[in-house]
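Note: hydrogens, waters and symmetry copies are ignored here, and every other heavy atom, side chains too, is used.
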Amino acid sequence: MKILFALFLIPLLVIPAFAESQTLPTEKGTLDVKLTYDEIIPNIQTKINIDFINPQTQKIQEHIDYTVSVSKDGETVFGPIPLTHTSVGSVKIPIEFNLGEGVYSMGFKVEGILFQPIPPETVSFDISVGEAQAQPTITPENEVTVNGENGGCLIATATYGSELAPQVQQLRELRDNTILPTNSGTAFMSIFNQFYYSFSPTVADFERDQPIFKGIMKITLTPMLTSLSLLNHVNIDSEEEMLGYGISIVLLNIGMYVGVPVFGILKLYQFKKD
């Protein structure tokens, strides 16, 4: 069991520790904006990678008109730059965070897409400098925004065809009502999102192009959804209970997706040997 648990942790351990990534939608959800950057050291120029993403296709949106600025405690560090056009939908901006350690605010205003002006939409990120990690700005309208589709389940949405599918709603309600209200659940989701959104857009696109693979994913997701539904029948009133039930669900899924196939292979091998 220790070996299986170690295998489960490998994907999390191989993610570069120095890389930070945040994705947030603009205020009306027309675009997602993604920031990626290495560890930021005060007074040393850092390149911030910026991708403007179409939330429907999860692909880079070309031809964006935008402005950007960076500030800390009301004091401007960078910009605001004049209205700028990116034809490829991705840019790298070198910024020197020269006001010491702390939380900087990086704000964007998008004013045009595909050479067409739009009513300005804004989005703001909090970037922690000199601390362990950055956390996205939390707004009343978007308390639990995570990467991709305004916090949506990309693979489940592609598998079941709609964000309104009961299976997708189940995952969303479980996340919002059970996991995120606890500190341990929030910490888990932060780590999980970094891993999940590194591959889920690709898987979702492949599902849309390959109906057979979509059918396979429905079969694959069924055991996980069944195990997660167990959390709807328990009362989680403390951090200890969240950790206990969470670890139990993780181990249950390891058993179903790894333990059962391995056991079956061993039995088949033993049967052929006999």
Side-chain angles (χ1 to χ4, degrees), residues 1-17 19-23 126 128 131-138 140 142-157 159-160 163 165-200 203 217-267:
M1 184 59 72
K2 290 182 178 179
I3 295 175
L4 295 178
F5 192 64
L7 290 173
F8 175 77
L9 292 176
I10 285 175
L12 301 180
L13 296 176
V14 298
I15 299 173
E20 294 289 349
S21 178
Q22 300 186 52
T23 303
D126 281 355
S128 295
E131 299 180 6
Q133 64 181 15
Q135 296 294 335
T137 299
I138 295 178
N142 188 27
E143 291 184 40
V144 199
T145 301
V146 293
N147 293 341
E149 282 193 6
N150 196 22
C153 307
L154 302 186
I155 294 176
T157 300
T159 300
Y160 296 104
E163 289 187 356
Q167 296 87 347
V168 180
Q169 293 291 337
Q170 174 191 340
L171 291 173
R172 183 178 290 111
E173 291 173 4
L174 177 66
R175 180 197 66 191
D176 294 347
N177 301 330
T178 304
I179 299 176
L180 285 169
T182 64
N183 292 331
S184 55
T186 301
F188 168 78
M189 289 302 302
S190 178
I191 297 172
F192 173 78
N193 288 336
Q194 294 290 328
F195 171 61
Y196 176 73
Y197 289 103
S198 68
F199 66 85
S200 58
V203 175
M217 286 302 300
K218 284 185 179 180
I219 297 172
T220 303
L221 289 178
T222 298
M224 183 191 70
L225 291 171
T226 302
S227 67
L228 291 175
S229 67
L230 297 175
L231 292 177
N232 295 325
H233 303 287
V234 297
N235 293 322
I236 299 178
D237 300 318
S238 66
E239 294 293 332
E240 291 77 12
E241 289 179 341
M242 182 70 253
L243 284 171
Y245 285 120
I247 292 173
S248 298
I249 293 296
V250 168
L251 293 177
L252 177 59
N253 278 275
I254 290 175
M256 290 189 296
Y257 286 100
V258 180
V260 172
V262 169
F263 179 78
I265 292 172
L266 291 176
K267 282 294 185 181

What pairs with Leu252 under side chain to side chain contact (heavy atoms under 4.5 Å, CB included), at least two apart in sequence or on another chain? Ser227, Leu230, Met256
With Thr220 via side chain to side chain contact (heavy atoms under 4.5 Å, CB included) - residues at least two apart: Ile216, Tyr257
Looking at Ala156 and Leu221, what are the two nearest heavy atoms and their distance? CA-CD1, 4.4 Å
Hey, is the main chain of Lys218 close enough, under 3.5 Å, to the side chain of Gln167 for a donor-acceptor pair? no
Closest non-hydrogen atom pair, Gln22 against Asp126: NE2-O, 3.0 Å
Is a side-chain N or O of Gln170 found less than 3.5 angstrom from the main chain of Leu225, in a donor-acceptor match? yes
Calculate, to the nearest 0.5 Å, the distance between atoms OG1 and CD1 belonging to Thr159 and Ile219 respectively. 11.5 Å
